[in-house]
Structure formats: C-alpha cells, structure tokens
Amino acid sequence: MPDATFLDSTELVLNMGPQHPSTHGVLRVILKLDGEKVLGTDCVIGYLHRGVEKIAENRTYVQFNPYVDRMDYVAAVSNSLGYCLAVEKLINVEAPPRAQTVRVILTELNRIASHLLWLGTHALDIGALTPVFYCFREREEILKIFENYCGARLTTHAFRIGGLQYELYEGFEQEVKAFCDMFLPKVAEYEELLTNNRIWVKRLQNIGILTAEECKQYGVTGPVLRAAGVRWDLRKAQPYCGYEKYDFLIPTRQNGDTYDRYLVRMEEMRQSVRIIRQAVEGIPDGPAIAKVPKVLKPPMGEAYVSIEAPKGELGYYIVSDGSTQPYRVRVRPPSFVNLQALDRMVRGALIADVVAVIGTLDIVLGEVDR
Amino acid sequence: MIRAFLKRVFLVDLFEGLRVTFRNQKPKYIYTEQYPAQRPKVAERYRGAPRLNLNPETGEPLCIGCNLCALACPESLIVMTSIRDEKTKRKTMNTFLFDTSRCMFCGLCEEACPSDALELTQDFELATYTREGQIWDRKMMEEGPKPTRYKC
Ligand code: SF4
Ligand code: SF4
C-alpha cells in the first residue's frame with residue numbers, strides 16, 4: 001500500500017494533449033500516474049474525424065479517390081495505391097506494366113518521405129534537434145519529384161483507377177536516380193548522429209517493448225511488428241504491383257523495443273532505395289492506363305485489398321451494389337490499429353517514455369480518426 | 001571493455017554527432033527563399049488557382065457550357081449556367097461560380113473539361129480578406145488572381 005499523499009489520493013490523472021507537441025496531431029491521452037510512473041492510459045481520439053468512409057458512400061468511385069489522400073497525408077501515395085488496387089480488383093482490371101512500375105517507384109519514394117518525417121519528429125520529441133532539419137531537407141527532394149510528376153506535394157492524387165493519369169515528365173528517371181545516389185550517404189549521416197548517441201540509446205533501449213506474441217494479439221503491423229522479430233511484409237507475403245520482381249530484404253530485429261523499431265525503419269529506407277533503383281532501370285513502355293469505362297459501375301460484390309503502407313497494413317474493403325457509388329467503404333488504417341498497443345507499451349514506464357512510445361508508433365492522426 | 005570505457009569518458013559518440021553538424025555548415029548549403037520578393041518557381045503541372053481560358057485569337061471563352069466540370073467535381077463547388085446563343089444555335093457559358101475555399105485541387109474538373117477551358121494554373125496565392133472573396137465569378141476566373149507584388 002503506497003503512502004497516502006494529498007487528499008488521500010496516490011494517483012494523479014493528467015491530460016496529455018489534445019494539442020501536445022509530441023502527439024503528432026490532435027490526440028488526447030489521459031494518463032493515470034503514480035508520481036512519474038504510468039499506471040494506465042486512455043486515448044481519446046476523433047478530433048480529426050471527417051467521416052471519410054461515409055463521404056465515400058456519396059461519391060462515385062473516381063470522385064472518392066482524392067479523399068483517401070487526406071487520411072494518411074504523410075503517405076498519400078500509398079493510400080491512393082491501396083484504393084486504386086481495391087477498385088481495380090472490383091472491376092477486374094489490371095494496371096498495365098508501365099503503370100505498375102511507376103507506382104512502385106512513387107510508393108517507395110513516399111515510404112522514404114514518411115519515414116523521414118517520422119525520424120525527424122521522433123528525434124525532436126526525444127530532444128535531438130538536429131535530425132529534423134536534415135530529414136526535411138531530403139524529404140523536400142522527394143516532394144519536388146512528386147510536384148513535378150503530378151502537380152501536388154502532399155495530397156498528390158497521383159494514381160487513377162486503372163493506372164496513371166499523368167505521363168512521366170522529362171528527366172524523371174535522372175531525378176530519381178540522383179535522389180537515390182544522394183540519399184544513401186544521408187542515411188549514414190543520420191545514423192552517425194543518432195545510433196551511437198548515448199542519450200538516444202538510453203532513451204530508447206528497452207522502452208515500450210512489444211513482443212511478437214503481443215503484436216499479433218493487438219493486430220499491430222508494419223515496422224513495429226518487424227522489430228519484434230516477425231518477418232511479415234505484405235510486399236513479400238502477398239505481392240502486388242509486381243513487387244515479386246524486385247530483390248529486397250525485410251529488415252527485422254529481435255527485442256521489439258523503441259530502439260529496434262528505429263533501426264528497422266532506417267534499414268527499410270535503404271531497402272526502399274534498392275527497390276527504386278531496380279524499378280527505375282526498367283520502366284516498360286506502353287500505355288499508362290488500362291481501359292476503364294468512363295462511368296464506373298462495378299458488378300455487385302466486394303473486394304478487400306491490403307498493401308504495405310509505411311506504417312503497416314493498409315486495407316480497403318469496398319462493397320459494391322452495382323451502382324456508380326460504393327455501398328460501403330471500410331478502411332483498415334495501420335495507425336489506428338497500432339495505437340491500441342500504446343497502453344500495453346507504456347504501462348509501468350515513466351511519463352517521459354510515453355512521448356518516446358507515441359513517436360515510435362508513427363501514428364498519423366488523420367488516419368486514426370479518418 | 002577499456003575501449004568502450006574510454007569512448008564513454010571522452011564523449012566520442014557526442015563528438016561524432018557534432019562532426020556531422022559541422023560538416024553541414026558550409027555556406028553553400030544555406031538556402032533561404034526571399035519570399036515575397038523572390039517567388040518560388042512551381043512545377044509545370046502544379047495544381048493551383050483555377051482559370052477559364054480564352055481563345056487567344058478571338059478572345060472568346062473556350063468554355064462550351066457543357067457542365068462536365070461541375071459534374072466531375074467531388075465537392076460540387078462549380079456552379080455554372082449556360083444560355084443558347086440565338087445566332088449560332090450553340091450553348092455558351094453565361095455565369096460561372098467557383099468556390100476556391102472548398103476546392104481541394106484534385107484536378108478532376110480539369111481532366112473532365114473537353115475544351116481545355118478550365119485549367120488549374122501555377123498561381124498559388126489565393127488568400128483573401130473575406131470568406132466571400134474566395135468565391136470566384138466568371139470575371140475573376142478569366143483574369144486570374146492579382147496578388148500584390150512587392151518590390152524589394
Ligand atoms: S480541383 Fe477538384 S475539388 Fe477543385 S473544383 Fe476541380 S474537381 Fe472540384
Ligand atoms: S467542363 Fe470545361 S467546357 Fe464544360 S462547362 Fe466546364 S469549363 Fe466549360
């Protein structure tokens with residue numbers, strides 16, 4: 001029985017957020033504290049709820065496409081890919097090879113951009129101020145490629161159902177190759193800044209451990225799962241968009257702590273560069289978009305497609321009733337599912353670790369709340 | 001063991017990080033954009049302020065009043081009316097309202113337009129002092145926004 005303190009209470013209930021700088025959006029975490037020790041947490045979400053799934057029911061399939069970019073706005077291209085693949089499955093169309101290769105290049109670039117934003121802000125939360133500037137500098141190069149390709153930097157609306165709307169611009173290959181050459185030494189530079197830094201290591205090692213078993217129970221996917229030692233990546237497990245053609249590794253670690261998740265993501269960036277290099281070498285010629293009717297009326301039925309987004313498994317479940325508008329769209333967002341594990345990860349830890357764990361989960365609140 | 005201890009004592013890990021920061025301090029890496037004196041150059045395909053193009057030779061609007069852009073827009077923010085021209089018996093655009101405050105610049109309207117009349121241009125300065133100012137009429141759509149240019 002702990003000593004009774006002020007007014008006979010030993011527990012303190014503290015609100016973290018909704019506008020706390022370390023929550024990467026508007027998330028409110030109610031912490032139950034005993035001194036500095038966290039006894040339990042309660043996440044209050046929904047501040048960014050826009051009803052995307054409901055909006056889908058009032059839009060045609062083509063019209064809904066720009067909305068998916070606004071869920072995980074850090075990785076808009078991945079969202080778009082997932083949605084397009086799901087509708088393509090529904091109408092039984094496959095994107096031409098040229099479109100598939102370009103899709104792979106753009107989604108992998110987006111994975112790097114997403115991980116860079118994660119690395120910068122995560123380091124910022126821990127107290128390392130420098131990496132965020134370098135990360136944003138490199139991310140800018142990716143956003144420039146996106147802007148040149150499709151005219152927008154963040155909410156790109158890059159893909160269309162059946163393929164691509166935009167042809168590659170002059171000099172796309174050279175720019176992507178130049179980025180790859182420029183980027184690999186930069187990853188080494190980030191590692192030099194952080195990997196051995198004693199503050200970084202002390203703040204991250206053995207913090208927020210999630211074992212493989214617990215990951216599976218919570219349905220956690222993505223780098224969080226791989227850091228716990230499970231070799232599971234949808235790009236290998238159920239290849240889409242021709243990922244089976246590329247040679248890359250799935251980085252895994254054993255401990256499942258925050259430090260391992262950091263190392264897994266760093267390695268993932270290198271593997272993404274590897275995929276991009278292979279893909280950009282052989283962009284096939286041909287049409288960029290398959291033949292898709294102007295008025296899209298998928299047959300009655302349902303389709304579920306999941307892809308490996310930067311944050312984990314991103315799934316789209318679409319039910320069609322044969323009309324031009326979907327009957328129901330359900331999104332399985334990785335951030336939402338991963339956020340569940342927060343309570344398990346911070347129970348018994350210190351309050352400062354909550355910040356580290358929220359950072360390492362790599363959540364985007366736009367996707368959690370939809 | 002001793003190596004690790006010495007490394008700890010002499011703060012090797014911290015100096016390694018500092019080396020990176022110093023490497024990045026070359027003046028040629030500094031990049032500051034002097035907006036608004038110096039405007040950033042946006043990409044050719046940039047989706048910015050909408051514009052209704054005129055036929056460069058005759059100055060007539062290219063729009064044929066087909067209403068396809070309004071139908072394509074997910075936000076239904078384009079409202080246009082057309083009248084039948086008595087002389088040529090063709091439909092022409094009469095009024096055109098475009099609510100930029102609700103637009104997400106997805107480009108679907110531009111893709112739907114059969115006559116290349118509607119275009120999302122490279123202008124990106126869309127701020128106005130009033131909410132009503134965000135709703136553009138036909139005149140505004142044809143002339144484009146006129147942001148203040150500063151001399152510096
Ligand atoms: S850009 Fe998109 S949201 Fe804006 S008017 Fe065109 S279709 Fe509508
Ligand atoms: S789609 Fe083009 S031509 Fe048709 S009404 Fe709109 S702007 Fe005019």
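On a predicted model such as this, the values are computed, not experimentally measured, just so you know. Lettering of chains follows the sequences in order, A, B, ..., and the numbering in each one begins at 1.
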Side chain to side chain, L85(A) and Y316(A), heavy atoms closer than 4.5 Å: no
4.5 Å side-chain heavy-atom contact, E191(A) and Y262(A): yes
Hey, is [X] close enough to [Y] for a salt bridge, meaning N to O under 4.0 Å?
| X | Y | answer |
| --- | --- | --- |
| R19(B) | E192(A) | yes |
| R138(B) | E142(B) | yes |
| R370(A) | E53(A) | yes |
| E167(A) | R45(B) | no |
| R270(A) | E267(A) | yes |

Please flag which part of [X] lies under 4.5 Å from any non-hydrogen atom of chain B: side chain, backbone, both or neither.
| X | value |
| --- | --- |
| V201(A) | neither |
| F64(A) | neither |
| F133(A) | neither |
| R198(A) | both |

Contact listing (chain B partner; residues 67-82 of chain A; heavy atom under 4.5 Å): Y67(A), R70(A)
Chain B-proximal positions within residues 151-163 of chain A [heavy-atom distance under 4.5 Å]: G151(A), A152(A), T155(A), T156(A), H157(A), R160(A)
Contacting moiety of E111(B), where chain A heavy atoms sit under 4.5 Å: side chain
Interface residue of largest heavy-atom contact number with chain A, from S76(B), G107(B), G48(B), A72(B), under 4.5 Å: A72(B)
Above 12 or not: heavy atoms from other molecules or residues under 6.0 Å from [atom1] of [X]?
| X | atom1 | result |
| --- | --- | --- |
| Y169(A) | OH | yes |
| K54(A) | NZ | no |
| E33(B) | CD | yes |
| Y35(B) | OH | yes |

T95(B) side chain to T81(B) side chain, donor-acceptor N/O pair below 3.5 angstrom: yes
